[in-house]
Each structure stands twice: as structure tokens, then as C-alpha cells.
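Please read the structure below before turning to the comments.
Each residue takes its place number in the sequence, starting with 1.
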Amino acid sequence: MKPLAALFRLLFPLFIPCFLSAQGTPCDPQIQLVSANADRQSGFVALQVLARGPDCGPIKQLEAGDLRINERIGDQIPQDISIVQVIDSVVYDTLNMNQDSVEVLFLVDASEKAQLPASLDMIRTFLERHNKARGTYSIQLFSDKLQPPIPIDPARPMDALRPIRVRSGQPHLYGALLSVLQQRQNAENKQLIFLFSGGESIAPDYGGRPRLPPTQDHVYRAAEALGNKLYLFTISNIGESELEAETDGAPGAFLRQLPLKTPVGDDGHARGSLPDGVEQIFGSGRRLAISHVVMVKPQDLVFSGRTRAYGLVDAHRVDADTSYATFSMGSFNDPVRIGELRQAVSWFGPTLFGLLGVGGLLAIFYFVVPQIRRRQFRHAHVVPYVSQPGRHVLDPMTREPIRTGEPVVNICSMVVPLQTWKDCGDQCPHYPGCTNNNIQCSGAGRGQSLNFFALHGVNRRLNWIWFGALGGFAGWVLYALIAGAGRNWLAAAAEGLSAYQNAETLLREAVIGACFGLGMTLMLAIMEERSQSRRISVRRILLRTLLGGLAATVAFGGGFLLLESDVVGSPIVSAAISWTIFGVALGFVLTLRSTIERRRGLLGGLVSGVIGFLVYWLSQEFLGTDLIPKVISLLISGALLGLVLDTVVKLAENYEIEYVSPANYHRKVPLSKWLKSSWDIMIGTQPGSQVYIKWPDENVLPEHARIKLEGGRVYLYPQGETLVNGQIIHGQKRVQLQSGDTLQLGRRSTTQMRFWEK
């Protein structure tokens with residue numbers, strides 16, 4: 001027996017490898033988080049988990065108590081979240097180059113810095129060794145531009161490799177890789193990509209165009225989006241003298257980290273040679289990619305563009321490492337609330353609500369405000385008439401005696417019954433005739449017009465508020481038509497036009513900005529035209545509207561790009577920047593060929609943009625992210641934009657002309673912008689006149705008079721017969737205007753105006 005025992009001890013070590021081979025190669029047990037996505041219908045977040053046992057198979061009976069999961073929203077402190085359900089979902093990575101059809105791409109840096117011959121030599125060696133494997137092969141070169149792919153016959157690789165030469169330009173690695181990954185998102189076959197690069201990415205010169213180059217994060221997200229169908233091998237093709245430690249800041253660190261973004265475990269990175277994993281996948285069997293889906297309840301159901309990071313750790317192991325997965329969804333201006341079917345939310349209801357809001361605001365301004373102002377006027381200026389013995393006072397219009405106790409107005413130069421005041425259009429009977437030499441008076445007697453659209457007194461401000469709210473509603477209607485009814489179209493357009501993972505969100509942000517900018521600018525441009533004395537120009541309105549829409553598109557789309565490129569770290573900050581830029585751009589657009597001075601318009605736009613953002617943000621915080629609160633926030637933001645613009649511009653106005661007669665055209669026309677620009681302000685019936693006489697008056701000439709600022713003083717140059725404070729200005733002698741001076745364009749003219757200087 002001793003010889004047999006000795007023989008057994010001699011042969012036993014030889015049987016161990018065979019025995020282990022028969023039993024299969026053991027695996028390291030692990031529980032790893034692969035990816036995360038929101039389930040919009042259920043209201044939960046689905047985490048794809050790889051839970052693998054020693055036998056390389058999925059762990060049986062994985063339960064919620066086996067896992068500990070936390071969630072971090074933006075820069076907040078991670079919070080533990082509850083697990084709702086653990087679902088078995090076994091997914092195998094079935095890549096087998098000897099059985100499956102795989103698309104193989106060699107993406108090669110062909111710039112002057114790269115070692116192109118060494119890369120081509122590795123490709124040739126690989127193809128000569130594995131030319132029996134199935135699949136389609138191609139090579140694609142890049143430097144500052146990505147070249148079209150070149151097909152390769154594995155049996156004759158040199159036919160494709162021999163003509164390849166070094167390309168000019170710097171290596172734009174991120175742009176080339178992002179385009180390649182994006183093009184393969186809809187591919188059905190497995191994708192095997194060999195990347196030969198030094199890891200350095202130098203963005204090309206875009207020629208002054210405002211473009212933000214892709215970053216590492218964009219590439220990482222695109223790689224994660226491909227999931228299990230992507231195998232990615234990165235090879236550093238730099239020369240031996242340039243090899244350096246691949247620290248976190250070194251270019252090679254990107255190549256080392258990139259394969260880790262794919263859920264498969266066979267890909268990898270090497271320097272100067274093909275990774276070991278290349279040989280493992282040729283002829284290998286299937287491998288476990290995902291074993292379970294864990295449904296968790298997030299802290300907040302509203303996704304507003306902030307990055308969600310999820311951490312998973314094995315609850316039974318003290319020394320277990322935490323694995324992470326991140327994703328983002330929605331934006332500040334277009335947040336996504338999971339757990340509700342947005343298709344079931346009617347866009348008709350919010351639109352009707354917005355229409356009622358605009359109509360209700362108009363009803364208040366048109367009916368309620370005049371009643372309040374009438375009561376205030378009666379309280380301040382209406383008193384009961386007290387008769388005097390032996391004196392009979394007649395109504396100046398009806399010539400009937402005024403009875404004791406009858407309400408009369410006390411601001412006219414004569415006793416006027418309240419009813420007569422109303423019959424005369426809420427003004428004294430002889431106003432504005434009393435402002436010339438025909439009837440002596442102090443110029444008082446003009447009441448505040450109660451017609452909402454008269455643009456006189458407080459009505460001007462109310463018009464700016466209402467037209468601003470109407471602009472917000474118009475922006476909502478455009479948004480509902482394009483973004484609400486065209487979600488599928490937007491998604492398809494985003495997929496075809498951009499290589500970014502969040503391209504749809506970017507496009508939606510731009511659409512929101514365009515809609516709000518077009519609606520707001522249109523209504524405020526109409527309001528600005530109505531405030532001028534010139535003839536309303538449809539061309540000026542359309543020009544401002546298009547420029548405002550373009551500016552808003554750039555502002556809101558650019559704000560999202562700032563967030564995506566990590567220039568700003570918070571969606572709220574990026575939204576604040578977008579609203580501020582939009583307000584400044586709107587203020588600038590409204591100054592084009594208008595009476596608004598450039599500096600005042602910019603200041604008003606800046607203030608209105610900041611306030612508009614605050615209102616929009618507060619409405620999101622307190623009213624929620626549903627569609628009706630969004631309509632409310634747009635209406636309020638638009639109304640405040642109009643109010644602030646009018647207030648800032650009005651407070652900064654130095655010179656004005658007030659139309660006194662005819663009474664139906666009473667308003668104030670700002671002159672500061674033209675005077676300070678050394679313009680000659682023309683008064684006349686010519687449509688291009690800055691002070692345009694749009695009513696019929698045969699005594700007014702097309703170019704009746706000019707007003708000009710000289711040496712800090714304002715002068716009037718009459719071209720036709722003109723009266724200043726009742727005195728005829730003879731010839732073409734200039735006269736200095738003082739604040740409150742009354743101008744009449746001819747002795748028989750009904751046109752009167754007053755000059756004001758603050």
C-alpha cells in the first residue's frame with residue numbers, strides 16, 4: 001500500500017486543476033449596482049443590480065434586508081431610502097465572437113501627436129490572429145474631425161490599413177468618441193470598440209461660434225446609455241518616452257476610467273498593447289450582467305435636472321465597498337414628476353385656466369379699477385353744493401340752476417355738477433380750452449381717464465401689466481402646442497440633431513425659452529408701439545418679436561448647457577442665469593427703434609428678469625410643478641416683467657410731451673432717448689415724425705415744428721404757426737421750453753400739447 005500511497009501523493013496535485021476545471025472557474029461573490037433609471041409610471045427608481053455568488057450565478061432569494069441604499073440629490077447629504085421591492089431579473093451578457101455577430105470598430109487617433117504606426121500594427125496583429133471570428137470590422141480615424149468609417153476584410157486587413165496616413169490637427173477625443181457612441185445607441189448587435197488614443201482631448205476652434213465642447217461626463221453618460229451591448233477597450237498609444245503615471249489629472253486616467261462605465265466586466269485598458277480581456281471574450285461563454293432589479297422610493301418625486309446619485313452596499317459585510325450609479329432627468333423650467341401619466345393630463349384645462357386668468361385680470365382693470373377710482377375721486381374732489389343767499393349758479397353746460405346739496409366737483413375754475421363732469425368725459429367743461437388765452441385758468445381740470453386702453457395716468461401702467469400677463473399666456477399657448485402635443489416629435493428631433501444624452505431636455509429648454517420669448521416680446525412690443533406717438537409699425541413689432549424669441553432660446557438653452565458642462569453646479573443657478581439673460585435681452589430688444597433709452601431698457605430688463613425668475617421659482621416651490629401652477633407662474637412673471645419695465649423706464653424719463661387736446665388721444669410721449677441722441681424731434685402729420693399728429697387737423701403741417709436739446713436746454717424751432725403759452729412764435733425763431741409750457745399748433749388748431757421736464 002505504501003507504493004500506492006506514494007503514487008497518489010505524487011499524482012494528486014495534477015488532478016486538482018482538472019477537478020477545478022470540471023467544476024468551473026470560481027467567482028468572487030459580489031453585490032454591485034450597475035445602473036439606475038426612473039420608472040415614470042410607478043413613481044419609483046429602478047436600480048439594476050448584479051448579485052453574484054461563488055458559483056458565478058445569481059444569488060438566490062436576495063431580499064431587501066440584504067441591501068442598504070442611499071440617495072444624494074445634487075450637493076445634498078446622502079439619505080438612506082427605503083426598498084420597495086426586489087425583482088429577479090437575470091440578464092446574461094452573451095457575447096461570443098465565435099457564435100454571435102458583433103460590430104467591431106477600431107477608433108484610432110491619427111493626429112500628429114499619436115503613434116499611428118504602432119496602433120495599426122496592433123490592429124493588424126489582432127486581425128491576423130482572430131480572422132476566423134464572426135462580425136463586421138471597420139476602422140475610423142479622428143484628429144480635430146471624425147473621419148468616415150473604412151470597412152476591413154479580416155482576411156486581408158492591409159488592404160484597408162496600408163493607405164492610412166497621419167492627419168493634421170489636434171486630437172478632439174471627446175467629440176469623436178461621443179459621436180461614435182451616440183450613433184450606436186439604436187444598434188441591435190453587440191458593439192466592440194477598440195480606442196487607440198493618448199487620452200488627451202483638444203477642442204477645435206469653432207471660429208467664434210458659441211459652442212461648448214463635450215466633456216468627459218458627456219462621454220461617460222453616452223457609454224452608460226449603451227448598457228450591456230457595449231464592450232470598450234482603451235489602448236494608450238503614446239510613445240515610451242511619454243509614458244507617465246496615470247494619476248487622476250493625467251490624460252491616461254480618462255482611458256483607464258472609461259471601460260469602468262460599462263456594466264460588462266471583460267473590457268479594460270492597457271498601455272502600448274491590447275488588454276488581456278480581448279483574448280478572454282473570443283470563444284468565452286456567457287457571463288452574468290444583471291441579476292436583480294431593486295425598486296426604491298426616492299426622496300423627491302420631482303426631477304428638476306439635479307443629478308441623482310445612488311449608493312448600494314452589502315448590508316451583511318462590514319468591509320463591503322459601496323457601488324454607485326448616477327443619472328439626471330428633467331430641468332428647472334420643465335421638471336418631470338414621476339408617478340403620473342402626463343399623457344392623461346389635459347392641456348385644455350390649464351389653457352382654459354390661463355385664459356380665464358387673463359380675462360379676469362382684464363375685467364378687473366376695465367370694470368373694477370374705474371369704480372375704485374371713481375370712489376376715490378368722489379371722496380377727494382366731490383362736495384355737496386352750498387347755495388349762497390341772493391346768488392344763483394348755473395350748470396355751465398345745461399344752464400340750469402344748481403340745487404343745494406347737489407354733488408359738485410371742486411377742481412374746476414367754476415362750479416361743475418358731478419353729472420356734467422361725467423358727461424364731459426371726466427373733465428372740466430372748458431378743458432382744455434382753458435389752457436389758452438380764450439379762457440383764463442391755471443391749466444387744471446383734466447381728470448384721470450377711466451378708459452382702460454387710453455394709456456393715460458395709471459392706465460398706462462395697468463396696460464403694461466396686462467399685456468405682460470397676456471404675453472405670458474401667449475407663451476404658454478405656444479408651449480402647449482409645441483411641447484405638449486409634440487413630445488414624440490421633440491424626442492425624435494433631439495435624437496437626430498444632437499449627440500448628447502440629455503439632448504431632449506436641452507431641446508425642450510430651448511423650446512420653452514423660444515415660446516416664452518416670442519409671446520412676451522410680441523405683447524410688450526405691441527405695448528411699446530402703442531405708447532409712442534408714431535404710427536404703429538407691424539415691421540418693428542415682428543422684428544422685435546423674432547429677436548426676443550431668438551434671445552430667449554439662447555438664454556434658456558445656454559443655461560442648461562452651463563449646467564450640463566458643470567460650469568454651474570445647481571439647476572436653480574442655471575435657471576437664474578437664463579432668466580436674467582432673457583430679461584436683459586428683452587430690455588435691449590424693446591429699445592430698438594423705440595423711445596426707450598438703451599441704458600434704461602437694459603436696467604429694466606435686468607430687474608424684470610431677476611424678479612421674473614424669483615416669481616417662477618417661488619411658484620414652483622409653493623404651487624408645485626403641475627401644469628396649472630406653471631400657467632399661473634407664467635402669467636404672474638409676464639405681468640411683473642411688464643410692470644418692472646414700465647416702472648424703471650418711467651422713473652428714468654427726463655423729458656416728455658403730453659397730448660392735451662384732442663382729449664381722446666391724451667397720453668405722454670417720452671423724448672429723452674431722441675433728445676440725448678442729438679436728434680431733431682419732428683412734430684407734424686408726417687407718419688415718420690417722432691411726435692406724430694395722427695388725428696385730423698388741417699392746421700397742422702407735415703413738418704410743423706422741431707424740438708432739439710442744445711447745451712442742456714430744450715428749444716422749439718417752429719416751421720409753421722406755433723403758439724407757446726398762447727404767444728405766437730414769429731418766423732423761425734427758436735424758443736426755450738420750460739417744464740409745463742403749453743404748445744398749440746396754430747391759432748385755429750385743436751391740437752394742444754404740454755412739455756414736461758423732470
Side-chain angles (χ1 to χ4, degrees), residues 210-212 304-305 330-336 354 468-487 489-491 493-494 497-498 500 502-525 542-565 567-568 570-590 605-606 608-617 619-620 625 627 630-631 633-638 640-642 645:
R211 291 185 57 185
L212 292 176
S304 56
S331 66
F332 177 81
N333 293 304
D334 187 34
V336 175
L470 185 61
F473 176 69
W476 162 260
V477 172
L478 289 175
Y479 171 71
L481 291 175
I482 297 177
R487 284 184 175 270
W489 173 81
L490 285 175
L497 295 177
S498 177
Y500 295 107
N502 292 331
E504 182 181 355
T505 304
L506 171 61
L507 183 59
R508 292 183 62 80
E509 283 291 296
V511 168
I512 290 174
C515 293
F516 192 41
L518 289 172
M520 179 62 60
T521 311
L522 172 63
M523 294 306 165
L524 293 183
L542 292 179
L543 174 63
R544 295 169 188 156
T545 301
L546 292 176
L547 292 177
L550 179 61
T553 303
V554 174
F556 284 86
F560 182 78
L561 286 178
L562 291 178
L563 179 64
E564 282 289 282
S565 59
V567 176
V568 296
S570 170
I572 297 179
V573 175
S574 68
I577 294 174
S578 298
W579 276 83
T580 303
I581 295 176
F582 166 63
V584 173
L586 178 62
F588 173 79
V589 168
L590 292 178
L606 174 63
S608 62
V610 172
I611 294 180
F613 161 73
L614 292 176
V615 171
Y616 194 86
W617 173 54
S619 65
Q620 298 279 359
T625 58
L627 297 182
K630 185 181 289 291
V631 176
S633 63
L634 288 177
L635 295 183
I636 296 177
S637 301
L640 285 178
L641 284 171
L645 277 173

- Message: Checking Phe556 against Trp579 for the side chain to side chain contact (heavy atoms under 4.5 Å, CB included) test, could you report, in this order, the C-alpha distance in whole Å, the side-chain angles of both residues, the deciding distance, and whether it holds?
- Response: CA-CA 7 Å; Phe556 284 86; Trp579 276 83; 3.7 Å; yes
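- Looking at residues two or more places apart in sequence or on another chain, you find a side-chain contact (heavy atoms from CB on, under 4.5 Å) between Ala474 and Met523.
- Rounding to the nearest 0.5 Å gives a distance of 5.5 Å between OG1 of Thr521 and CZ of Phe582.
- A donor-acceptor pair under 3.5 Å is formed between the side chain of Ser608 and the backbone N or O of Gly605.
- Ile577 CD1 to Ile572 CD1: the interatomic distance, rounded to the nearest 0.5 Å, is 12.5 Å.
- Looking at Ile512 and Phe560, their side chains never come closer than 4.5 Å, going by heavy atoms from C-beta outward.
- Taking CG from Leu562 and CD1 from Ile581, the interatomic distance works out to 7.0 Å, rounded to the nearest 0.5 Å.
- If you take CD1 on Ile636 and CG on Leu614, they are separated by 13.0 Å, rounding to the nearest 0.5 Å.
- Taking 4.5 Å as the limit, some side-chain heavy atom of Leu635 sits within range of a side-chain heavy atom of Val631.
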- Item | Worked check of ring pair (Phe, Tyr, Trp, His ring centres under 6.0 Å) between Phe473 and Trp476 | CA-CA 5 Å; Phe473 176 69; Trp476 162 260; 8.4 Å; no
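- Judged purely by atom type and a 3.5 angstrom limit, Ser578 uses its side chain to pair as donor or acceptor with the backbone of Ala555.
- Nearest approach of Leu518 to Leu546, heavy atoms of both residues: CD2-CA, 4.4 Å.
- Leu590 is linked by a side-chain contact (heavy atoms from CB on, under 4.5 Å) to Leu524, Ala525, Leu586, Ile596, Leu645, counting only residues two or more places apart in sequence or in another chain.
- Contact record, Leu478 with Gly519: CD1-N, 4.4 Å, taken as the closest heavy-atom pair.
- Side-chain atoms of Phe516 and Leu634, non-hydrogen and from C-beta on, do get closer than 4.5 Å to each other.
- Closest of all the heavy-atom pairs between Gly559 and Ser574 is O-CB, 3.3 Å.
- Taking both residues in full, the closest heavy atoms of Ala552 and Gly513 are given as CB-O, 2.9 Å, listed atom of the first, atom of the second, then distance.
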